[in-house]
Protein chains: 2
Amino acid sequence: MPINCKNCPLRRHELFATMSSDDVAFMQDMKQGEQHVAPGTVVFSQGDKPDHLYTVLEGKGLRHKTLPDGRRQVVNFVMPGDFIGLQAGVMGEMRHAVEATTAMTLCIFNRSDLWKVFQNNPSRAYDLTYLAAIEEHLLGDALSRMGQHGARERVAWSLHRLYRRDVAIGAVAGDGSISLPFRQQDLADALGLSLVHTNKTLAQLKAENVARWERRRLFVHQPETLAQIGLVEQLQPETRPLM
Amino acid sequence: MPINCKNCPLRRHELFATMSSDDVAFMQDMKQGEQHVAPGTVVFSQGDKPDHLYTVLEGKGLRHKTLPDGRRQVVNFVMPGDFIGLQAGVMGEMRHAVEATTAMTLCIFNRSDLWKVFQNNPSRAYDLTYLAAIEEHLLGDALSRMGQHGARERVAWSLHRLYRRDVAIGAVAGDGSISLPFRQQDLADALGLSLVHTNKTLAQLKAENVARWERRRLFVHQPETLAQIGLVEQLQPETRPLM
DNA sequence: CGTTGTCTTGAATTACATCAAGAAAAGTGG
DNA sequence: CCACTTTTCTTGATGTAATTCAAGACAACG
């Protein structure tokens with residue numbers, strides 16, 4: 001029994017921009033159902049021209065690019081509320097892969113309906129552009145970190161970002177930890193670091209009692225120390241559209 | 001005397017997707033005029049909430065981010081045909097600065113008209129999303145290069161990309177060179193390298209007679225050697241919307 | 001023609017990668 | 001539930017690509 005958009009639990013969080021009830025109804029109408037995928041499932045492959053686009057309702061995953069020489073860059077981590085496949089929807093094909101790390105629940109949309117959004121619902125069309133712009137902004141940020149900062153800053157920055165996002169959707173356990181179901185190799189591939197060096201940097205943050213990542217869970221003991229190390233600027237809480 | 005969109009010289013190039021004459025008329029109607037800016041002009045500052053958006057008709061520039069610690073990341077190079085300010089248009093404020101390196105001619109649009117595009121012209125609205133998606137793709141690519149490759153690969157990749165783009169718009173001089181009016185420091189900041197190392201890498205490519213960059217002009221003597229070094233995959237010629 | 005910005009080159013230093021090998025988890029099948 | 005295998009994590013030692021420092025040459029500019 002799929003969730004009704006009106007009651008979508010994600011919508012409650014402040015992270016997501018409020019929608020008019022018309023827009024909610026519109027989305028409900030476009031929603032084709034839900035899909036559950038197992039951990040490790042490749043939702044999109046690089047080069048895919050998929051028929052469906054998805055909003056992530058539950059679970060976490062990775063976006064990554066495979067380069068001509070076989071190396072892998074993790075472009076982003078996929079979190080609940082993310083809309084995936086827009087790039088292919090608009091450009092024709094996926095330029096990166098999306099892989100589920102945990103089990104995921106996906107809200108299904110038809111790619112062919114994308115055009116109808118632009119024709120019939122300007123405000124939702126605007127939100128699609130908004131989403132693409134946010135993605136661009138996030139990547140620009142990541143690029144800057146990679147280009148200008150060292151391993152310690154990068155690791156702290158990345159952990160901080162993952163933590164903030166989960167806090168924003170209330171995905172914090174009683175012990176204050178969040179789910180971080182990735183391998184150190186994934187973080188290394190995201191930050192352009194070697195596995196070994198990533199490991200040593202994480203060990204350092206742990207020894208300083210700033211943050212501890214083990215058993216697929218991240219404990220941030222000193223959030224703003226982490227922010228300091230990661231050179232995170234004071235940012236007004238951002239909101240983003242939810243499709 | 002501003003250019004009429006119908007006769008816009010940029011539109012002729014295959015790089016840019018063809019537009020219906022209705023869309024051309026629509027753009028013409030939105031066009032507020034043209035602006036000429038001198039080299040060094042800051043078109044947008046980071047944090048700006050500008051009233052205007054622009055299409056670059058002539059000239060080149062830089063998009064860059066200033067980080068909390070003062071370091072600078074060049075996020076992209078701005079070329080004729082690029083649409084700038086969309087991020088602020090949709091997100092409210094610029095997350096990076098845009099600076100003219102040469103004199104530039106800009107086609108002016110009102111930010112307040114952006115919403116009208118979504119309301120009245122679905123196909124142009126779609127193109128805006130397309131542009132944002134392309135930007136995202138380019139940044140993802142850049143991120144991958146930075147994360148996974150060494151200085152030689154990065155420099156070659158970047159030069160190749162700049163070269164390809166200018167070839168696509170026919171901006172190649174009789175001697176086969178293109179205009180590359182940046183400092184080595186700018187390239188270094190784009191690639192996350194030090195000025196010194198960037199310089200030495202360029203010197204190496206020059207010694208190998210692959211490419212030579214001097215006096216603000218780039219000569220690519222061996223395009224596909226450059227592509228090889230830069231690990232550029234065979235890509236079908238992409239087209240992009242022109243606003 | 002001096003002043004300033006950009007480029008160039010060499011030498012010293014360092015942050016990070018690579019190599020190697022063992023320890024701890026996490027799966028897998030009986 | 002326990003052996004067995006595989007994956008992931010951890011740590012030390014060594015190597016190297018790229019940074020930083022320093023100083024001079026060249027261009028551009030007023």
Side-chain angles (χ1 to χ4, degrees), chain A residues 38-40 62 69-74 99 101-103 145-159 179-208 211-219 229 231, chain B residues 38-40 62 69-74 99 101-103 145-159 179-208 211-219 229 231:
Chain A
L62 293 170
D69 69 342
R71 304 188 63 158
R72 185 183 79 142
Q73 173 72 34
V74 170
E99 204 177 319
T101 305
T102 65
R145 301 293 169 167
M146 304 263 303
Q148 306 303 325
H149 299 309
R152 184 175 162 83
E153 290 79 13
R154 284 189 241 176
V155 169
W157 168 78
S158 186
L159 293 183
S179 162
L180 200 62
F182 308 108
R183 296 167 304 161
Q184 294 188 358
Q185 182 69 65
D186 296 322
L187 184 63
D189 286 344
L191 299 178
L193 296 170
S194 70
L195 167 62
V196 172
H197 201 62
T198 304
N199 178 282
K200 284 170 179 166
T201 308
L202 285 166
Q204 200 190 342
L205 291 173
K206 183 170 164 182
E208 294 167 6
R212 173 169 49 101
W213 179 22
E214 56 193 26
R215 310 298 201 86
R216 312 187 118 205
R217 300 205 69 84
L218 173 67
F219 299 79
I229 297 170
L231 302 171
Chain B
L62 292 170
D69 69 342
R71 304 189 63 158
R72 184 184 81 142
Q73 174 71 34
V74 170
E99 203 176 320
T101 306
T102 66
R145 301 294 169 164
M146 304 264 301
Q148 305 303 325
H149 300 309
R152 184 175 161 83
E153 290 80 12
R154 285 190 240 175
V155 169
W157 168 78
S158 186
L159 294 183
S179 161
L180 201 62
F182 308 108
R183 297 167 303 160
Q184 295 187 356
Q185 182 70 64
D186 296 321
L187 184 62
D189 286 345
L191 299 177
L193 295 169
S194 70
L195 167 63
V196 173
H197 200 60
T198 303
N199 177 283
K200 284 170 180 166
T201 307
L202 286 166
Q204 199 189 345
L205 291 173
K206 183 170 166 183
E208 293 166 7
R212 173 170 49 102
W213 179 23
E214 55 193 28
R215 309 296 202 84
R216 313 188 116 204
R217 300 204 69 84
L218 174 67
F219 299 80
I229 297 170
L231 302 171

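Fair warning: this is a prediction, and the values are worked out from it, not measured in the lab. Throughout, protein chains are lettered first and strands after them, A, B, ... in sequence-line order, and every chain is numbered starting at 1.
- Nearest heavy-atom pair, Thr101(A) versus Pro181(A), reported as atom, atom and distance to 0.1 Å: CG2-O, 2.6 Å.
- Rounded to whole Å, atom P of dT19(D) lies 8 Å from atom CZ of Arg154(B).
- Taking every side-chain heavy atom of Arg183(A) into account, dT8(D) is the closest of dA26(C), dT8(D), dT8(C).
- Nearest nucleotide to the Asn199(B) side chain, out of dT11(D), dC9(D), dT9(C): dT9(C).
- Between Leu193(A) atom CG and dA17(D) atom C1' the separation is 15 Å, expressed in whole Å.
- The side chain of Lys200(B) has dA11(C) as its nearest neighbour among dA11(C), dT8(C), dC16(C).
- Put simply, NZ on Lys206(A) is 11 Å from C1' on dA24(C), counting in whole angstrom units.
- When the P atom of dT19(D) is taken as reference, atom NE2 of His149(A) falls 15 Å away, rounded to whole Å.
- The two residues Val74(A) and Asp186(A) make their nearest non-hydrogen contact at CG2-O, 3.6 Å.
- Here the nucleotide nearest the side chain of His197(A), chosen from dT10(D), dC16(C), dA25(C), is dC16(C).
- Looking at Arg212(B) and Glu214(B), a side-chain N of the basic residue comes within less than 4.0 Å of a carboxylate O on the acidic one, giving a salt bridge.
- Rounded to an integer number of Å, the gap from Gln185(B) CD to dT4(C) P is 20 Å.
- Side chain of Val196(A), nearest nucleotide from dT8(C), dT9(C), dA20(C): dA20(C).
- Here the nucleotide nearest the side chain of Ala151(A), chosen from dT8(C), dC16(C), dA11(C), is dC16(C).
- Toward the 5' end of DNA chain C, the nearer of the two residues Leu195(A) and Gln184(B), judged by each one's closest nucleotide, is Gln184(B).
- For Arg212(A) and dC9(D), the CZ to C1' distance is 16 Å, given to the nearest whole Å.
- Arg72(A) places a side-chain heavy atom less than 4.5 Å from the side chain of Leu62(A).
- A straight line from CZ of Arg215(B) to C1' of dA27(D) spans 7 Å, rounded to a whole angstrom.
- With rounding to whole Å, Leu202(B) atom CG is found 13 Å from dA18(D) atom P.
- Without hydrogens or angle criteria, Trp157(B) side chain to Leu231(B) main chain gives no donor-acceptor distance under 3.5 Å.
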